[in-house]
Amino acid sequence: MLILLYDLIPDRIYIQKKIQYSVYVGLIFTFVALSGILIPWNETAHPTMGINGIVLPLSGIVGGPVSAGIIACFLVFFRYIFDMGPDSTADLILMVISAIIGIVFFYLKKRQSVLYSSTLILVSFSLFVSVVSFFVLQFFHPYGPEIEPLRSELLIQIPLIIFLGLFILGSVINLIDRKKTSELELLSYKDHLEELVELRTIELQNMSALQQATIESTADGVIVVDLLGKIQNYNRVAAHILHLDNEGGIDDIGIWEILSRNTEYPVQMNVLLSPVSLSEEQLLSTDLLFKSGKVYEIYVTPHKVHDKTIGSVINLREITERKNYEDRLKLVNQKLLLLSGITRHDIVNQLTALRLYGDMIRHVNTVPLITEYAEKMDQIMDTMQQQAEFTSDYQDLGLYAPVWQSPSETFINASLSFTKHQISFSTDGDNVEILVDRLLDRVFYNLIDNSIRHGSHVSIIRLSVSLSSSSVLIMYEDNGSGIAPEEKELIFQKGFGKNTGFGMFLIHEILSMTSITIRETGLYGIGARFEMSIPEGKFRMVSESIT
């Protein structure tokens with residue numbers, strides 16, 4: 001009965017272990033004590049020494065002073081109201097001492113549970129109460145005349161019963177406590193997990209709402225697809241561009257099929273969205289012409305979760321107006337280039353005619369002054385022709401995308417135009433390619449031409465390439481007269497120089513298209529030296545050797 005009632009204590013009261021719990025324990029043990037008193041005992045006239053010798057101290061160690069006080073008050077009250085035995089001294093002493101022992105061990109159990117096991121405390125408690133019971137029975141003789149012959153037997157039986165009763169009942173109560181504690185811990189852990197799940201669910205909902213609001217707020221169409229191209233999510237802009245609202249259910253429709261229905265050239269799109277492309281780290285992009293006449297720039301990036309690609313994110317951005325501007329700009333540029341070429345061609349033809357008439361004048365008239373004027377006219381016409389050639393080169397500058405070129409090979413090719421000058425050309429150093437405008441050959445041509453025109457006695461021109469960790473240095477050197485210190489910074493300015501003033505300026509412009517810098521570092525009187533610095537990302541090593 002005691003175990004059953006104790007196990008029925010509500011969890012909300014048990015878990016707090018406060019005054020309500022102690023009152024519950026006191027009432028339960030009091031009810032059990034009353035049942036023990038009402039059971040007829042044939043061996044003794046002192047019912048409180050039977051079951052109640054166990055219940056009272058046990059209530060103290062389980063529920064503390066409140067529980068022990070409740071059951072002790074009840075036993076005293078019941079004893080003196082109903083007077084159920086001739087001698088109450090032993091009962092009173094045993095009740096008081098048992099209650100005190102139970103309360104002491106209650107606090108000892110709370111304070112020393114880390115140092116001593118509950119079993120050791122329970123054994124000590126049971127042994128202590130049984131020994132005290134033995135001495136109380138020994139000195140106060142709580143026996144009637146009919147029991148006196150059995151006194152020595154009872155002196156052993158009652159303490160033994162009390163010891164076994166306390167230990168057995170206490171052990172069962174400890175098991176119930178551990179079971180309840182485990183259950184409550186599991187319930188508490190379950191509640192904690194449910195709370196975490198709820199919080200995480202709210203966070204995920206907020207994140208999902210934020211992500212959805214983000215993709216909906218953009219002016220671009222955004223589509224999320226899996227590895228098979230099945231659409232997982234999209235925003236309103238994408239739905240409008242691809243007419244997804246008219247597709248009905250899109251679960252079984254791939255992005256390839258939808259884009260094919262809307263674009264003029266689906267082959268480009270198929271290559272872009274192939275599984276191989278989706279596995280790449282880099283962002284993939286191209287332009288798609290839709291059947292509506294609009295042009296969209298499409299970006300495809302891998303969609304990853306924990307470094308694993310699970311699909312891709314497709315971004316559609318309308319560039320129709322920009323594309324139209326670019327096309328019109330290209331058309332205007334082509335017209336200007338055509339006009340410039342025709343005009344330049346006509347000017348060169350007129351210069352040719354002027355040269356012819358100048359030669360005719362010198363042949364039909366040998367007056368020195370006229371001959372001098374004709375030669376000056378030739379010089380002016382040479383300058384005009386060089387300027388026309390410069391405009392031809394300059395109009396092509398930046399017209400095409402930079403390409404990878406070998407500076408050593410380009411230098412050797414450019415030197416072939418100067419074989420009649422008896423100059424020794426050589427290259428050495430690392431075999432690299434640089435990303436530079438297609439007019440790199442004009443760079444070396446103008447450098448060589450400049451060395452021959454202004455170097456006085458140039459006989460050796462050398463190109464060397466050296467590689468460092470973050471850049472490539474290309475050095476062009478000759479053994480001419482060099483450049484005066486005050487002119488080193490001026491030679492790259494437009495119009496500076498003894499000839500047209502365009503050659504070095506054109507070199508600087510060509511190289512600067514890909515962030516390549518050039519400067520003159522030679523010694524005046526010993527030779528010119530031009531250093532070209534190639535930044536990181538604008539050069540690469542090549543395995544094949546230069547012949």
Side-chain angles (χ1 to χ4, degrees), residues 393 397-398 400-418 423-455 458-494 496-497 502-547:
D393 291 336
L397 182 61
Y400 305 101
V403 294
W404 292 101
Q405 302 179 65
S406 168
S408 299
E409 289 183 357
T410 307
F411 171 76
I412 294 298
N413 292 334
S415 67
L416 297 178
S417 301
F418 302 92
I423 295 175
S424 174
F425 295 97
S426 64
T427 63
D428 63 5
D430 295 311
N431 192 10
V432 299
E433 288 183 345
I434 61 175
L435 187 64
V436 66
D437 192 89
R438 296 172 185 267
L439 296 177
L440 179 62
D441 59 331
R442 301 301 298 172
V443 170
F444 294 122
Y445 181 90
N446 286 345
L447 285 174
I448 296 172
D449 183 67
N450 188 74
S451 295
I452 294 173
R453 285 179 182 273
H454 308 295
V458 174
S459 61
I460 298 175
I461 297 178
R462 177 172 172 266
L463 188 78
S464 60
V465 181
S466 60
L467 175 66
S468 67
S469 59
S470 60
S471 66
V472 165
L473 188 65
I474 300 175
M475 287 187 293
Y476 171 94
E477 300 172 280
D478 65 34
N479 62 343
S481 57
I483 299 174
E486 64 273 11
E487 296 181 355
K488 291 180 180 293
E489 298 295 331
L490 301 176
I491 58 176
F492 298 107
Q493 296 181 4
K494 183 180 179 182
F496 181 84
F502 290 140
M504 300 305 295
F505 171 73
L506 182 62
I507 289 174
H508 180 272
E509 292 296 297
I510 293 172
L511 296 177
S512 65
M513 294 297 295
T514 50
S515 303
I516 299 174
T517 60
I518 183 171
R519 60 175 183 157
E520 208 286 325
T521 59
L523 296 177
Y524 185 59
I526 296 179
R529 181 172 66 186
F530 291 93
E531 293 184 357
M532 289 162 273
S533 180
I534 318 300
E536 188 175 5
K538 306 295 184 182
F539 65 88
R540 66 184 183 186
M541 298 297 298
V542 291
S543 57
E544 297 180 0
S545 60
I546 298 175
T547 57

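Because the structure is predicted, anything quoted here is derived from the model rather than measured.
Looking at Phe411, Tyr445, Phe425 one by one, the single match for ring-ring contact (aromatic ring centres under 6.0 Å, His included) with Phe418 turns out to be Tyr445. A side-chain contact (heavy atoms from CB on, under 4.5 Å) with Ser451 is found for exactly one of Ile423, Ile460, Ile461, namely Ile461.
The two residues Ile483 and Tyr524 have their closest heavy-atom pair at C-CD1, 3.3 Å. Closest approach of Phe492 to His508, counting heavy atoms only: CD2-CB, 4.1 Å. In terms of heavy-atom proximity, Val458 sits nearest to Asn479 at CA-OD1, 3.5 Å. Nearest approach of Ser408 to Val465, heavy atoms of both residues: OG-CG2, 4.0 Å.
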Chi angles and distances behind the side-chain contact (heavy atoms from CB on, under 4.5 Å) call for Ile434, Leu440: CA-CA 10 Å; Ile434 61 175; Leu440 179 62; 4.3 Å; yes
Stepwise side chain to side chain donor-acceptor pair (under 3.5 Å) test for Asp437 and Thr514: CA-CA 7 Å; Asp437 192 89; Thr514 50; over 6 Å; no
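A distance-only check finds no donor-acceptor pair linking the side chain of Lys538 to the backbone of Val472 [under 3.5 Å]. Here the side chain of Glu520 pairs a donor or acceptor atom with the backbone of Gly522 at under 3.5 angstrom. In terms of modelled atom types and a separation under 3.5 Å, the side chain of Thr410 and the main chain of Pro407 share no donor-acceptor contact.
The shortest distance between side-chain heavy atoms of Glu477 and Ser464 falls below 4.5 Å. Side-chain contact between Met504 and Leu447: present, with at least one pair of heavy atoms (C-beta onward) separated by less than 4.5 Å. Residues Asn413 and Asp441 have side chains not in contact (no heavy-atom distance under 4.5 Å, counting atoms from C-beta outward). The side-chain heavy atoms of Pro535 and Ile516, taken from C-beta on, include a pair separated by under 4.5 Å. For the pair Leu511 and Thr517, the minimum side-chain heavy-atom distance is 4.5 Å or more. Put simply, the side chain of Phe444 does not reach to within 4.5 Å of the side chain of Ile412, judged on heavy atoms.
Around atom CZ of Arg540, more than 12 heavy atoms belonging to other residues, nucleotides or ligands sit under 6.0 Å away.
We find the CD-OG1 distance between Glu409 and Thr427 to be 9.5 Å, quoted to the nearest 0.5 Å. Atoms CG and CZ, on Leu435 and Phe539 in that order, are 12.0 Å from each other to the nearest 0.5 Å. To the nearest 0.5 Å, the span separating CD on Glu433 from CE on Met541 amounts to 10.5 Å. Rounded to the nearest 0.5 angstrom, Arg453 CZ and Ile448 CD1 are separated by 13.0 Å. Atom CG of Asp478 is separated from atom CZ of Phe530 by 7.5 Å, given to the nearest 0.5 angstrom. Taking OG from Ser466 and CD1 from Ile474, the interatomic distance works out to 9.0 Å, rounded to the nearest 0.5 Å.
Judged purely by distance below 3.5 Å, without hydrogens or angles, the side chains of Thr521 and Arg529 pair a donor atom with an acceptor atom.
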